[in-house]
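Taking it in order: structure first as C-alpha cells, then the write-up.
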Amino acid sequence: MSDISLTFPDGSQRSVRKGITGKELAESIAKSLAKRAVAMSVDGKLADLADPIEADATVKIVSRTDPEALELIRHDAAHVMAEAVQALWPGTQVTIGPVIENGFFYDFAKAEPFHPDDLAKIEAKMHEIVGRNAPFTKEFWSRQKAKDFFKSKGELFKIELVDAIPEGEDLKIYKQGDWLDLCRGPHMTSTGQIGKAFKLTKFAGSYWRGDHTKPQLQRIYGTAWATEPELAAYLRMIEEAEKRDHRKLGREMDLFHFQEEGPGVVFWHPKGWELFQNLINYMRRRQNAAGYREVNGPQILDKSLWETSGHWETFRENMFTTVTEDERTFAIKPMNCPGHVQIFKHGLRSYRELPYRVSEFGIVHRYEPSGALHGLMRVRGFTQDDAHIFCTHEQLADECLKINDLILSIYRDFGFEEVVVKLSTRPEKRVGADALWDRAEAAMADVLKKIEAQSGGKIKTGINPGEGAFYGPKFEYVLRDAIGRDWQCGTTQVDFNLPERFGAFYIDADGEKKVPVMIHRAIFGSMERFTGILLENTAGHLPLWLAPVQAMVCTIVSDADAYAEEVLELLRLSGLRAQIDLRNEKINYKVREHSLSKTPVMLVVGKREAEERTVSVRRLGSQEQKVLPLKEVLSQLTDEAVPPDLKRAKRAIEAAA
RNA sequence: GCCGCAGUAGCUCAGGGGUAGAGCAACGCAUUCGUAAUGCGUGGGUCGGGGGUUCAAUUCCCUCCUGCGGCACCA
C-alpha cells in the first residue's frame, strides 16, 4: 500500500499509510491527543475523525476546545435537539438545522405549536441525550434507501432534501444511538462532546426553504459553547445588548415614543428632535460642501406621476394613497425621485449644469408589512437624506466614486470604520430593457473594483444578486456597530430608466437633446434608523456635539441659585445646549437622574463654587469630579462641542491663514 | 403578511369569575443637603377596543388593534 505525506500545524511532516483515518492518525501521534480528538481538519476543511485520508494534505487533529470545534459543537447540538424534540413529540417532522452565528437552530413541522415552557423540557431531554454519549457514526445510503426510510417515518421534508442533493454526490446519514438524520456532516465523535454549555434561547415561526408561499415551520434557536464560562459570557453580552436597545433608551432619555394610533410612525419629543436636527444639520453641511443643492418636493402627488415613474406598477402595495372628493387618486410619496426629476425637468438644462446634484431631507411613507415594524429601525414614515444626481454617462463612474468618498468620510465621523460595499444586481420585478441593465451593472462593477482598490483593502466588497431596485442596480453600504451588528445604511443606485420615462433631457454641447443618467443616493438612509443605530452604538452616551442637552447645571444648595443661573446664561451664550436643575433635591438625587437620562456633562455648583467662580465638572459614566474655573469650562466645552466637520474646517483655515 | 407570546396607573411589574395592588414617577408638606434614590402624606386605573358565555368578566371564549421574538419583506 502506498504512503502519503501529511503536514501538521507545527510544520512537521510525516509519511503515513494512504487511507489512514483521523482516529488512527491521532493514536499514532499520542494517546492523549487521540483522547481529546473530536474531528480533524484536512487542508483546512473539517472532517469526521473516522474519515480516511487519501492524499497528501495538511492535517490538524481538532480537539473539543479548539476554535474549529465550536461549529461542530453547535451542529451536534442541533442534531441532539432534533432527537430530543422527536422523542418528546413523536410525529414531529425534522427539516433543516444549521449552525448560525453564536449557535444553531432547527426547523420542525409539528401540528401543535410549541409552548414557551417546552424549551426547558427540550433542554432537559438534550442533557439526557448528551449524557448517553452515543457515538456519531456515518453511513452512505442509496437515494432509494433514504427515501424509503424517510417515507416510512413520514418525513416528507427530508425526502425533498434527498431529491435536492445533486446526482453523484454522496448521501450521508449520521446516527447517534437510535436516532439518525440526513446530514452533510461532519460531526464530532459522540454526543457527549457537546458538553453542557448550551441553552435554547427562543422559538419562532419560519418558512420551509425560506419561502413564504411554502409551509410554515417552527424554529427553535439555541446557543452552544465549548465551556460554561463562555456560555455565561455570551448570555451576559445579550443582556448588555438589551440594555442598549434604542427603544428603551428612547424612553429613558425622553427622545421619542410610539403609540397605537400611529403604527410605525414616530412621535419625536423635544430632546429627540434636537438630536435628529443635529444630524440633519451635519448632513446638510456635508452635502452642501460636496456640491449638492437642497430642494423640497411635494408630499402628495397625482397617481399619474407614479404611473409614469413605474411605482404604481412595482411599488403599489407599499404606497399610502388617498382619494379626494373630486375622485382624484393621489399617493403620499414613498420616494423622492419623481419629484426631483420634475425639478430637473423644469426649464432647459444645459450639459454645463451637469452633474446636477439635488438633495432633500425627504419625508417618505411606505406601507411596510406589520411584522417588519421595529422601533426607529423600521418605520412607515421616515426621513431620507436623499439626493439625486443627473449626469452624463461619462461622469457616472466619477460621481459614484465621489459619493463613495463622502459616505466613508461621514461614517468615519461617527466612528464607523468597518464598512462593506455590496453591489445588488437586477431583480425579477423591474422596469427597463435588459441592455440598459447590462450597461449599468457593468459600469457599477467597474466602480466597485475601484472602490476596493482605493481603500487599500480596508473596504470589503461583495455582490447581492437580484437585490437591486426596480429601476437600477445599487451599491449598499453596510456598517458594523460597536457590538458587531451590521446595518445597511447608505445606498447608491444607478438609474437609466426614470429620466427616460419622464422625458428628462439636457442640451449637449452639440446642441442635441440627451437623456441624463440619474444616480439615487442616501448616506444615513433613514434618519430615523440612523438615530436608532447611533443610540445603540453609543449606548445613549452621545458625543457632545450631538447630545440634545449637553450640560446640566445642578445646585447643591439654594444659596448657589443665582450663580447657577449665571453659569447657565454663559453656557447658552457660548452656544451650548444647557439646562439647569434648581430643585430642592439632594445632589445625589440630581446626579442620579441626569446620569440616567444620559446627560454628558453635569456642572455642579455649591456655595464654594459660587464664591470661587468655579464649577465642579462630572462627566457621564465617570465618578471623577474636576473643579475648574468657569472660564476654562466654557472654553473646553465649546471646543468639544464643535461638530467634526467644522473642526476640520477650523483646522484647515488655521493652517492656510 | 405568517407563526408564537403579550397588553393591568406615566414607567417597571404582581394579581386573578365577586368591578384591582406594589415600587418608582407626579402632586403637597417638611428638609438646604457636596456627586447615582431625604422623609411623611395625597391623588391617579371603564385591567388595549368590540362582541359572547355568566346572576356577575379585568379574569373564560371569539374577534379586531397594538407591541415583542423570529420568518418573509426592507431604508
Side-chain angles (χ1 to χ4, degrees), chain A residues 105 107 110 112-118 201-221 245 247-248 251-252 254 257-264 317-318 334-335 362 364 366-380 382-386 424 467 469 474 476-478 487-491 493 520 522-530 532-533 554-561 582-597 602-609 616-627:
Chain A
F105 69 76
D107 281 349
K110 175 168 168 282
E112 287 296 306
F114 287 112
H115 185 270
D117 297 343
D118 292 342
T201 49
K202 56 195 166 194
F203 56 97
S206 64
Y207 295 104
W208 171 233
R209 311 220 129 176
D211 183 339
H212 70 278
T213 62
K214 299 225 158 85
Q216 183 123 27
L217 305 170
Q218 297 186 66
R219 175 173 300 179
I220 300 178
Y221 285 93
D245 186 314
R247 293 165 298 188
K248 191 166 141 66
R251 202 170 37 240
E252 289 169 357
D254 191 18
H257 84 266
F258 292 90
Q259 64 187 48
E260 277 197 27
E261 296 85 344
E317 63 210 21
N318 289 298
M335 295 187 192
V364 294
R366 299 180 186 176
Y367 186 77
E368 299 289 344
S370 57
L373 302 180
H374 180 94
L376 294 177
M377 302 304 195
R378 193 74 184 274
V379 289
R380 285 183 176 158
F382 61 102
T383 312
Q384 288 182 310
D385 56 334
D386 205 3
S424 296
E467 293 192 9
K474 61 182 178 183
E476 291 183 343
Y477 287 78
V478 180
W487 299 99
Q488 200 241 294
C489 292
T491 165
Q493 307 173 0
H520 309 239
I523 295 178
F524 290 152
S526 150
M527 300 296 303
E528 283 76 359
R529 192 163 76 122
F530 193 80
I533 293 168
C554 301
T555 51
I556 297 174
V557 290
S558 52
D559 285 349
D561 284 4
L582 298 177
R583 289 176 302 173
N584 178 14
E585 293 292 350
K586 288 192 166 182
I587 191 61
N588 286 300
Y589 182 89
K590 295 186 185 181
V591 165
R592 178 182 150 83
E593 199 162 273
H594 302 305
S595 296
L596 288 174
S597 73
M602 268 168 277
L603 301 175
V604 178
V605 297
K607 251 185 196 161
R608 214 182 305 144
E609 286 78 8
S616 169
V617 184
R618 180 182 167 129
R619 302 295 301 238
L620 178 62
S622 160
Q623 250 126 261
E624 195 192 359
Q625 302 152 38
K626 270 193 210 150
V627 179

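Here is the naming used below: chain letters follow the sequence lines, and residue numbers restart at 1 for every chain. Since the model is a prediction, treat every value here as computed from it, not as a measurement.
Every residue two or more places apart in sequence or in another chain was checked for a side chain to side chain donor-acceptor pair (under 3.5 Å) with A:Gln218, and none qualifies.
With B:U12, B:U32, B:A36 as the candidates, the nucleotide lying closest to the side chain of A:Asn588 is B:A36. Comparing B:G34, B:A37, B:C71 by their nearest atom to the side chain of A:Arg219 picks out B:C71. Out of B:A37, B:G70, B:G4, the shortest distance to the side chain of A:Tyr589 is found at B:A37. When distances are taken from the side chain of A:Tyr207 to each of B:A37, B:G1, B:U12, the shortest belongs to B:G1. The A:Pro263 side chain lies nearest to B:G67 when the options are B:C73, B:U35, B:G67. Of the listed nucleotides (B:A75, B:G34, B:U32), B:A75 has the atom at the smallest distance from the side chain of A:Glu368. Closest to the A:Ala372 side chain, of the nucleotides B:G48, B:A72, B:A75, is B:A72.
Ionic pairing of A:Asp245 and A:Lys248 is not present here: no N-O contact between side-chain nitrogen and carboxylate oxygen is shorter than 4.0 angstrom.
Among the heavy atoms of the strands lying under 4.0 Å from A:Arg608 is at least one base atom, whether or not backbone atoms are also near. Within 4.0 Å of A:Gly210, counting heavy atoms only, lie sugar-phosphate atoms of the nucleic acid but no base atom. No engagement by A:Lys590 is indicated, since no non-hydrogen atom pair under 4.0 Å with the nucleic acid exists. Within 4.0 Å (heavy atoms only), A:Lys110 reaches no atom of the nucleic acid at all. As judged by a 4.0 angstrom heavy-atom cut-off over every strand, A:Leu217 is placed among residues making no nucleic acid contact.
Separation of the P atoms belonging to B:G39 and B:G7 is 32 Å when rounded to the nearest angstrom.
Heavy atoms from other residues, nucleotides or ligands lying under 6.0 Å from NE2 of A:His212 number 12 at most. Within a 6.0 Å sphere centred on CD of A:Glu112, heavy atoms belonging to other residues, nucleotides or ligands number 12 at most.
Remark: A:Arg247 is in phosphate contact with B:G69, judged by side-chain N or O atoms under 4.0 Å from OP1 or OP2.
Nucleotides of RNA chain B nearest to A:Tyr221 and A:Gln625 differ in position, and the one nearer the 5' end is that of A:Gln625.
By the 5.5 angstrom centroid cut-off and the 30-degree plane limit, A:Phe382 is classified as stacked against the base of B:A75.
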